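So the structure is just underneath, and the comments pick up after that.
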Amino acid sequence: LMPEHLREAHRKGLTRYLATGEGRVIGRSVDVTGLHKTGREFPLRLTLARWDGGKAVSFLAVIQDITCELDSSRALRMQAQALEATANAIVITDDDATIIWVNAAFCTLTGYERQEAIGGKTSILQSGVHDTAFYGELWNTVKSGRTWTGDLNNRHKDGSVWVSRQV
């Protein structure tokens, strides 16, 4: 499982551990590169522990292929960067309309700093132009997984009203 370019470091670490009892990996989980039986390298998480099961020193290793985990992390970072970079204001809420995340365009458009908006309710944007039924329809549409379209009159932090068109 050990790629050729890591074998010498492994040998040195094992020798040091057996001589001194001090190891950098023993008792921890580390992300390293493994060697697949096909010869391709892949990322893995190695958890290594000493096991005293008799006369000889033994080790217990748990090896987990983390390719999918790393791919998912990369995809999430890329999506987060795209959401942050878009010129459209984006606000993410929970089911109770509590703001969980906003992008920079939201801050520019509304006048609210990120820390002011997050944890607050979307009602900070209500201009008073729309009635309760309007917002009820909007939320029912969004919560059902459909896309709401229409014009929304919002209130800027400074009190001015602006219209956003959702298409």
Side-chain angles (χ1 to χ4, degrees), residues 1-3 5-6 9-10 13 22-36 40-49 61-167:
L1 288 173
M2 182 97 29
H5 63 92
L6 296 176
H10 171 69
E22 295 178 17
R24 296 182 188 145
V25 179
I26 307 297
R28 299 182 333 140
S29 291
V30 293
D31 293 351
V32 295
T33 302
L35 187 63
H36 190 272
R40 117 184 123 73
E41 292 187 12
F42 68 101
L44 63 85
R45 182 158 295 127
L46 172 67
T47 304
L48 194 59
V62 177
I63 298 169
Q64 177 186 7
D65 183 339
I66 57 172
T67 303
C68 291
E69 180 182 327
L70 294 177
D71 289 347
S72 294
S73 292
R74 274 192 289 276
L76 285 172
R77 278 192 307 277
M78 184 174 59
Q79 291 167 2
Q81 288 171 346
L83 288 172
E84 187 61 43
T86 186
N88 297 318
I90 297 175
V91 57
I92 298 175
T93 70
D94 65 12
D95 286 340
D96 296 321
T98 300
I99 299 171
I100 298 170
W101 183 86
V102 297
N103 68 350
F106 172 91
C107 297
T108 301
L109 192 58
T110 67
Y112 288 96
E113 295 295 325
R114 207 174 290 240
Q115 62 271 20
E116 291 178 291
I118 293 175
K121 297 289 189 178
T122 56
S123 59
I124 62 172
L125 301 175
Q126 288 183 359
S127 63
V129 173
H130 306 291
D131 60 15
T132 305
F134 175 88
Y135 288 110
E137 178 191 338
L138 185 155
W139 279 104
N140 286 336
T141 301
V142 172
K143 285 182 176 184
S144 70
R146 295 176 289 140
T147 302
W148 182 84
T149 59
D151 290 343
L152 185 61
N153 291 278
N154 292 306
R155 185 181 62 224
H156 190 277
K157 183 180 176 182
D158 68 10
S160 62
V161 175
W162 50 275
V163 178
S164 67
R165 175 158 286 155
Q166 310 299 314
V167 260

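Just so you know, these numbers come straight off a predicted model, no measurement behind them.
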N/O donor-acceptor pair under 3.5 Å between S127 side chain and N153 backbone: yes

Measure across T33 and E41 and return the closest heavy-atom pair with its distance rounded to 0.1 Å. CG2-OE1, 3.0 Å

E137: which residues meet the salt bridge (charged side-chain N to carboxylate O under 4.0 Å, His left out) condition with it, sequence neighbours left out? none

Any idea which heavy atoms bring G119 and T98 closest together, and the distance? O-CG2, 3.6 Å

Distance in Å, L44 CG paired with L35 CG, rounded so as to fall on 0.5 Å steps: 10.0 Å

With sequence neighbours left out, what residues match T93 under side chain to side chain contact (heavy atoms under 4.5 Å, CB included)? V91, I99, T122, W139

With sequence neighbours left out, what residues match K121 under salt bridge (charged side-chain N to carboxylate O under 4.0 Å, His left out)? none

Got a sec, which residues hit salt bridge (charged side-chain N to carboxylate O under 4.0 Å, His left out) with R165, two or more places apart in sequence or on another chain? D151

Interatomic distance, CG@L83 vs CG@N103, rounded to 0.5 Å, equals 7.0 Å

Any sub-3.5 Å donor-acceptor pair from D94's side-chain atoms to A97's backbone N or O? yes

Provide the closest heavy-atom pair for A105 versus A87 in the form atom of the first, atom of the second, distance. CB-O, 3.4 Å

Once rounded to the nearest 0.5 Å, what's the spacing between atom CD1 of I118 and atom CD1 of I100? 9.5 Å

Can you tell me how far the CG atom of L138 sits from the NZ atom of K143, to the nearest 0.5 Å? 11.0 Å

Does any part of the side chain of I63, heavy atoms only, come nearer than 4.5 Å to the side chain of L46, both counted from C-beta? yes

Nearest 0.5 Å, what's the CD1-CG distance between I66 and D71? 10.0 Å

Checking R114 side chain against C107 main chain: does a donor-acceptor pair fall under 3.5 Å? no

Heavy-atom closest contact (D65 atom, P43 atom, distance): OD1-O, 3.5 Å

Sequence neighbours left out, what pairs pass ring pair (Phe, Tyr, Trp, His ring centres under 6.0 Å) with at least one residue falling in residues 66-113? none

Specify the closest pair of heavy atoms between R146 and S144, including all atoms of both residues, with the distance to one decimal. NE-OG, 2.8 Å

All pairs passing ring pair (Phe, Tyr, Trp, His ring centres under 6.0 Å) where residues 146-167 contributes a residue, at least two apart: F134-W148

Minimum side-chain heavy-atom gap T110-N154 below 4.5 Å: no

State the CZ-OG distance between R77 and S72, to the nearest 0.5 angstrom. 10.5 Å

